[in-house]
Engineer: 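For reference, the structure I am asking about is given below.
When a residue number appears, it is its place in the shown sequence, counting from 1. Predicted, not measured: the structure shown is a model, and the values here were computed from it.
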Amino acid sequence: MDRNRKLLKNTIIYFIGTFGSKILVFFLLPLYSKYLSTDQFGTVNLVTNLVPLIGPIFTLQVTETIFRFMCTAKNEQEKKEYISNSFFLFLFGIGIFIICYIPIVLVTKFEYTVLFALYFIFNYLALYLQQVLRGLQKNLDYSITGIISTITQLLINIIFITKIHERSILLATFAGSVIVIIYILLRIQFFKFINLKLVSKKIIKEMLKYSVPLIPNQVSWWLNGIAGIYILEYFVGTDATGIISFANKFPTLLATINGIFLLAWTENSIYEYSSSDKSEYYSKNLQFFTIFVIMISAFLLPAIKVYYGICIDEKFLSSLQYIPLMFVSMIFNASATFQGSVYTASMKTKDAFSTTIIAAVVNVICSIILIPILKIYGFILSNVISYFVFYIVRKISVNKIVKLKENYIIYIFPLIFFIVSWIVYEKFNYIINFIYDIVAFMIILIIFREKIKQVTLKIIKK
């Protein structure tokens, strides 16, 4: 199978599982807007947003490491060695978390003590096992776990949100993770890969050499994307964090779409890193990806306004005004993240940290300056500025490893399309946005007709 067909195949599989499942989350937003106050929604997001900060520290980034190492495993024995050693590291990290967590909750009287611990541990165990699936190239099973998790979360929220309110979000994620863990353990007979005799200082050292630089990198990601939420809560309050967290669900939809392609692309970039034409191949896909992200953003904006008009409770309507600027920051973030796949392919993870920390520092400084003055808009502008800086510094850094060439002229039409969508979104009612969105959809179909034809034929063949 040639590399483009492989990329297309993996993208389709990830699309079916990831997007098909993630879109179900948007059935929950009307439920959240009806039964949760902005304060409750803000509180639970402050709690769940702690997980991306502490997760990389206590799991030693083993969820990322296992996939990268298994991509180069030559035989069944090496797979067992990598899984055994990574699982040992994972259990060690979780043990340290429990030791640290108990005295902290005893002192602070944390409101969500048990539920948060279960949420954290089982969520990361599910993530680890999902990466094992990818490493075994069981991408279809990986996608199935996404569907299982989301359906479980949907059902739990529908049943419990009227009774335990914001706690249902934590409970639903925990339950979804448990079902995914059971499925994977049974599907691949996971414990047949575990052998404590295979735990090796040499392999652990190799894994830590790869994973440890990713820890500050992921913490920097947290500072860049989430730290501003806590600064906003300090200066403005949990109502504001509830509004912005609700609005962020929609740019997150774009992130989900981006993530589907990046899951498949990262796998391809690893296998193609040794090819003689990798620079041209990477550059071509970067440009296609950037155009795709801008065009999809242009399509989503009017669709979101229609969705708000039909489904969202009025107490969250103020979040509508913040969404377009959040998409701008997401576009810069998407392009920078795509370029970051070069770090994974080359195993030069130290370089990933330097670029991310620069963007994180910019974000925190801008948030401290702008949020007290502009409140929620200060938070969003800080993200736009930091992600733009992130894009620039990452481009400079990555080009030292692989030359990525971009013809910026080809971005002009997609950017004009996005700006027109933004104007329609701001100036016109839901009906006009609905009509415009149909037109936008037709334009996208025309532009990407060849890619869509390939995907459609592939799905029919399957």
Side-chain angles (χ1 to χ4, degrees), residues 1-3 5-14 16-18 59-95 122 124-149 177-212 214 262-275 341 343-349 462:
M1 184 184 296
D2 67 67
R3 59 192 182 185
R5 285 183 62 198
K6 184 177 181 181
L7 178 59
L8 179 61
K9 175 188 173 183
N10 287 339
T11 303
I12 293 169
I13 291 172
Y14 287 133
I16 293 169
T18 307
T59 65
L60 301 171
Q61 278 297 88
V62 72
T63 53
E64 299 294 326
T65 305
I66 181 58
F67 171 67
R68 180 61 185 88
F69 273 71
M70 287 187 69
C71 283
T72 55
K74 298 181 180 66
N75 50 52
E76 194 75 9
Q77 179 65 17
E78 285 196 0
K79 290 177 183 178
K80 288 182 179 181
E81 288 176 353
Y82 291 145
I83 293 174
S84 296
N85 283 273
S86 63
F87 192 58
F88 172 80
L89 284 174
F90 179 82
L91 293 179
F92 174 79
I94 292 300
F122 283 86
Y124 270 93
L125 178 56
L127 286 173
Y128 168 76
L129 292 173
Q130 285 177 312
Q131 293 306 310
V132 171
L133 278 180
R134 289 184 69 205
L136 293 171
Q137 296 192 14
K138 294 185 178 295
N139 293 333
L140 184 58
D141 285 306
Y142 176 87
S143 294
I144 290 171
T145 61
I147 296 171
I148 291 171
S149 175
S177 297
V178 170
I179 300 299
V180 165
I181 290 166
I182 293 171
Y183 173 84
I184 297 175
L185 291 179
L186 296 176
R187 182 70 180 87
I188 64 172
Q189 298 178 19
F190 174 74
F191 290 105
K192 76 179 183 181
F193 293 99
I194 302 298
N195 186 346
L196 293 178
K197 293 179 181 179
L198 297 176
V199 175
S200 157
K201 287 183 180 180
K202 180 183 176 182
I203 295 176
I204 287 177
K205 187 177 179 179
E206 288 176 359
M207 286 187 161
L208 290 176
K209 184 180 179 181
Y210 176 85
S211 69
V212 169
L214 290 175
L262 289 173
L263 281 171
W265 166 251
T266 300
E267 189 173 326
N268 254 46
S269 69
I270 292 170
Y271 293 122
E272 294 298 329
Y273 184 72
S274 58
S275 62
S341 63
Y343 299 133
T344 303
S346 64
M347 296 191 79
K348 296 181 179 180
T349 51
K462 287 292 179 182

Engineer: Is there a side-chain contact between Leu129 and Val180, using heavy atoms and a 4.5 Å cut-off?
Structural biologist: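 The answer is no; the side chains never approach within 4.5 Å.
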Engineer: Give, for atom NZ of Lys192 and atom NZ of Lys80, the distance between the pair rounded to the nearest 0.5 Å.
Structural biologist: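 Answer for the NZ-NZ pair, Lys192 versus Lys80, is 7.5 Å.
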Engineer: I'd like to check Leu198 versus Gln77 (side-chain heavy atoms, cut-off strictly below 4.5 Å). Are they in contact?
Structural biologist: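 In short, these two side chains touch, coming nearer than 4.5 Å.
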Engineer: Calculate, to the nearest 0.5 Å, the distance between atoms NZ and CD1 belonging to Lys138 and Ile144 respectively.
Structural biologist: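 Rounded to the nearest 0.5 Å, the NZ-CD1 separation comes out at 11.0 Å.
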Engineer: Show your working on side-chain contact (heavy atoms from CB on, under 4.5 Å) between Ile83 and Ile194 and close with a plain yes or no.
Structural biologist: CA-CA 7 Å; Ile83 293 174; Ile194 302 298; 3.7 Å; yes
Engineer: Over 60° means perpendicular and under 30° means parallel, so tell me whether Tyr82 and Phe69 are parallel, tilted or perpendicular.
Structural biologist: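 Ring orientation of Tyr82 relative to Phe69: perpendicular.
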Engineer: List the atom of Ser84, the atom of Val199, and the distance in Å for their closest heavy-atom pair.
Structural biologist: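 Shortest heavy-atom contact: O-CG2, 4.2 Å.
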Engineer: When rounded to the nearest 0.5 angstrom, what distance separates CG in Leu91 from CG in Leu125?
Structural biologist: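 Going from CG on Leu91 over to CG on Leu125, the span is 8.0 Å.
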Engineer: Roughly how far, to the nearest 0.5 Å, is CZ of Arg134 from CE of Met70?
Structural biologist: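 Spacing of CE (Met70) from CZ (Arg134) equals 11.5 Å.
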Engineer: Between Ile204 and Phe88, is a side-chain contact (heavy atoms from CB on, under 4.5 Å) present by the stated rule, with each step listed?
Structural biologist: CA-CA 9 Å; Ile204 287 177; Phe88 172 80; 3.7 Å; yes
Engineer: Please give me the minimum heavy-atom distance between Phe191 and Leu185, naming the atom from each residue.
Structural biologist: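 In terms of heavy atoms, the two residues are closest at CE1-CD2, 4.0 Å.
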Engineer: Tell me if a side-chain donor or acceptor on Ser211 pairs with a main-chain N or O of Leu60 at a distance below 3.5 Å.
Structural biologist: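 Checked: pair present.
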Engineer: Under 3.5 Å, is there a donor-acceptor pair between the side chain of Thr145 and the main chain of Tyr142?
Structural biologist: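 Checked: pair present.
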Engineer: Nearest heavy-atom pair of Ser86 and Tyr128: which atoms, and what distance?
Structural biologist: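 Minimum heavy-atom separation between Ser86 and Tyr128: OG-OH, 2.7 Å.
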Engineer: Could you report the tightest heavy-atom contact between Gln131 and Phe67, atom names first, then the distance?
Structural biologist: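 For Gln131 and Phe67, the tightest heavy-atom pair comes out as OE1-CB, 3.6 Å.
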Engineer: In this structure, which one of Ile182, Leu186, Ile188 forms a side-chain contact (heavy atoms from CB on, under 4.5 Å) with Ile184?
Structural biologist: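 By the side-chain contact (heavy atoms from CB on, under 4.5 Å) criterion, Ile184 pairs with just one of Ile182, Leu186, Ile188: Ile188.
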Engineer: How far does CD of Glu64 sit from OH of Tyr210, to the nearest 0.5 angstrom?
Structural biologist: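 Here the rounded value is 7.0 Å.
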Engineer: Considering all heavy atoms of both residues, which atom of Lys79 and which atom of Leu136 are nearest to each other, and what is their separation?
Structural biologist: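 Residues Lys79 and Leu136, closest heavy atoms: CD-CD2, 3.9 Å.
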Engineer: Any chance you could lay out the side-chain contact (heavy atoms from CB on, under 4.5 Å) test for Asp141 and Tyr183, step after step, and finish with the verdict?
Structural biologist: CA-CA 9 Å; Asp141 285 306; Tyr183 173 84; 2.7 Å; yes
Engineer: Please name the residue in the list Leu208, Asn85, Leu89 that meets the side-chain contact (heavy atoms from CB on, under 4.5 Å) test with Ile203.
Structural biologist: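 Running side-chain contact (heavy atoms from CB on, under 4.5 Å) over Leu208, Asn85, Leu89 with Ile203 returns exactly one hit, Asn85.
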Engineer: Using every non-hydrogen atom in the two residues, find where Thr72 and Glu78 come nearest and quote the distance to one decimal.
Structural biologist: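 Nearest pair, atom of Thr72 first, then Glu78: O-OE1, 3.9 Å.
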Engineer: For residues Phe87 and Phe190, establish whether the separation of their ring centroids is below 6.0 Å.
Structural biologist: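 Distance test on ring centres: under 6.0 Å, yes.
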Engineer: Rounded to the nearest 0.5 Å, how far does CD1 of Ile66 lie from CG of Leu133?
Structural biologist: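 Result: 11.5 Å between the selected atoms.
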